[in-house]
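As structure tokens, the structure follows; a few thoughts come after it.
The first residue in the sequence is number 1, and the count goes up from there.
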Amino acid sequence: MDRPLVVVCVDGCQFEYITAAVAAGAAPFLGRLLRGAGTSFMADCVMPSFTNPNNLSIVTGVPPALHGICGNYFFDPDSGEEVMMNDPRFLRVGTILAAFSAAGAKVAVITAKDKLRKLLGFGMKGICFSSERADQVTLAENGIDNVLDRVGMPVPSVYSAALSEFVFVAGVKLMERERPDLMYLSTTDYIQHKAALANDFYAMMDRNLARLDELGATIVVTADHGMNAKHGADGEPNVIYLQDTLDDWLGPHQARVILPITDPYVVHHGALGSFALVYLTALGEQHSIAERIAALTGIETVLTRSAAAARFELPSDRIGDLIVVSRLDTVIGTSRDRHDLSGLDVPLRSHGGTSEQKVPLIMNRGVTQPPAAHRWRNFDAFDLGLNLAARSP
Ligand SMILES: [Zn+2]
């Protein structure tokens, strides 16, 4: 490496949010990159288009079939329990960050939500902390201390734009003082769940990216997934309550619907996304059940376990007997009474489906070789910044 690399994962970002901010004059630095001072590609994120599978793909460079993290939850049929997958023991490969730190590089990770910190920092020596718990950072646990003083901001609320701003400001401070060789910054999608237009947010991001560029870093910006409106003209969410539907068709306890978007922070999306797993008690009728689900209004695709593992590069032991993906404007729920939508103070925007797979992949450098017909993925980010970036700016 001849200069530091910063990879930024903007949670819930689509290309058009960036171009809208550029058009409004809110993001001049990104505007220069898009006009030819840098490189930009339309890339695909991994399925399901959720936060954890994609963050782990970006830091490992491989799809969930290899790294194992395919959502926040999976169902263990042997124990009959829903298992939360936020522990590093579920990770099946090492990360690029850990490999660099083992080779002697100075590595730093800053994530907005603490739920990702242990996964992203697994096996890594260096700096790793979340803005959510920035007041609890210790040298022993996080490789750094006094983060609040260094950043000059209070601990942000977990439901705020400041949670992501803290990530960027801390990243700039680290680049000024510690100058890590490799840095990974991961924001939260709180803002994009609320609105498509978020020019203030992109202006904040643009200022900090411009500063990292001034400091000489190669920067690659990508996203974990896009985001779409999932409601009708009346503002009410378009929800298929799949557990209720299956109970109705098959009787109770014949099918279990798991929503891998579910996590401890569900206020802004009500645990509703466009991707669901179905576990069946008896597999004999799985094809006919799949056909019935596929015929429901708002469903895009229903795949069996093996077909989904192949098409979406998923670990077959951690997905359901059926994988259900809903259309752009529709989400899938379990039972109506298990979703608390009282926290939705604006009409629902969410993700999880193939309709949220398109994400930007933008770098502040040219590339050494013209890209061939290549399906760019968000998990090409480190490869792009480390191996394909032109050496002189
Ligand atoms: Zn996300």
Side-chain angles (χ1 to χ4, degrees), residues 1-11 13 33 38-46 51-69 88 91-112 116-117 119-128 167-168 171 174-175 178-187 205 209 212-213 215-225 313 357 359-369 371-372 374-391 393:
M1 299 171 71
D2 63 340
R3 55 176 75 236
L5 171 65
V6 182
V7 172
V8 182
C9 177
V10 187
D11 200 322
C13 174
L33 299 188
T39 307
S40 65
F41 303 109
M42 189 68 88
D44 283 328
C45 78
V46 304
T51 300
N52 288 17
N54 276 283
N55 271 272
L56 271 300
S57 280
I58 295 168
V59 300
T60 59
V62 294
L66 295 176
H67 65 64
I69 306 297
L91 197 52
R92 289 174 168 163
V93 297
T95 70
I96 296 167
L97 303 160
F100 267 75
S101 77
K106 201 187 253 192
V107 180
V109 172
I110 311 173
T111 164
L116 263 171
R117 181 178 56 88
L119 284 169
L120 295 176
F122 180 60
M124 190 196 102
K125 295 186 295 288
I127 296 169
C128 182
V167 171
F168 283 109
L174 280 189
M175 190 54 69
E178 273 76 15
R179 203 166 172 84
D181 301 301
L182 206 56
M183 183 155 67
Y184 183 65
L185 306 179
S186 184
T187 71
M205 180 169 112
L209 294 177
L212 290 168
D213 178 72
L215 292 166
T218 294
I219 305 166
V220 177
V221 177
T222 190
D224 56 348
H225 53 80
E313 302 166 283
Q357 258 195 297
V359 292
L361 183 65
I362 300 173
M363 180 166 67
N364 65 337
R365 307 267 176 251
V367 286
T368 49
Q369 60 213 53
H374 178 62
R375 181 191 177 197
W376 288 97
R377 314 290 295 268
N378 59 353
F379 62 75
D380 291 324
F382 279 95
D383 186 34
L384 183 63
L386 289 165
N387 303 320
L388 303 173
R391 292 235 144 202

Polar side-chain atom of [X] near backbone of [Y] as donor-acceptor pair, under 3.5 Å:
X: R92; Y: G68; answer: no
X: N378; Y: C45; answer: no
X: T39; Y: R365; answer: yes
X: T222; Y: P360; answer: yes
X: S186; Y: T111; answer: no
X: D380; Y: R377; answer: yes

Nearest 0.5 Å please: distance from the [atom1] atom of [X] over to the [atom2] atom of [Y].
X: T368; Y: L384; atom1: OG1; atom2: CG; answer: 9.0 Å
X: N54; Y: I69; atom1: CG; atom2: CD1; answer: 12.5 Å
X: L215; Y: L174; atom1: CG; atom2: CG; answer: 11.5 Å
X: L5; Y: Y184; atom1: CG; atom2: OH; answer: 11.5 Å
X: S57; Y: N52; atom1: OG; atom2: CG; answer: 11.0 Å
X: I127; Y: E178; atom1: CD1; atom2: CD; answer: 5.0 Å

- [ ] Let me see the working for L209 and V6 under side chain to side chain contact (heavy atoms under 4.5 Å, CB included), right down to the final yes or no.
- [x] CA-CA 9 Å; L209 294 177; V6 182; over 6 Å; no

For a 4.5 angstrom cut-off between non-hydrogen side-chain atoms, does [X] reach [Y]?
X: L66; Y: T60; result: no
X: M183; Y: L212; result: yes
X: I58; Y: F382; result: yes
X: M363; Y: L388; result: no
X: L361; Y: V220; result: yes
X: M42; Y: V359; result: no
X: V7; Y: L185; result: no
X: V46; Y: L56; result: no

Would you name the heavy atoms of [X] and [Y] that are closest together and state the gap between them?
X: P180; Y: P4; answer: O-CB, 3.3 Å
X: A98; Y: G123; answer: CB-O, 3.5 Å
X: L33; Y: I362; answer: CD1-CG2, 3.9 Å
X: A223; Y: C13; answer: CB-O, 3.4 Å
X: P88; Y: F122; answer: CB-CD1, 3.3 Å

TODO: Assess whether side chain to side chain contact (heavy atoms under 4.5 Å, CB included) is satisfied between L120 and T95, documenting all intermediate values.
DONE: CA-CA 8 Å; L120 295 176; T95 70; over 6 Å; no

- [ ] Verify the distance criterion only: is there a donor paired with an acceptor across the side chains of T51 and D224 at less than 3.5 Å?
- [x]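 T51 vs D224: donor-acceptor pair found between side chains.
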
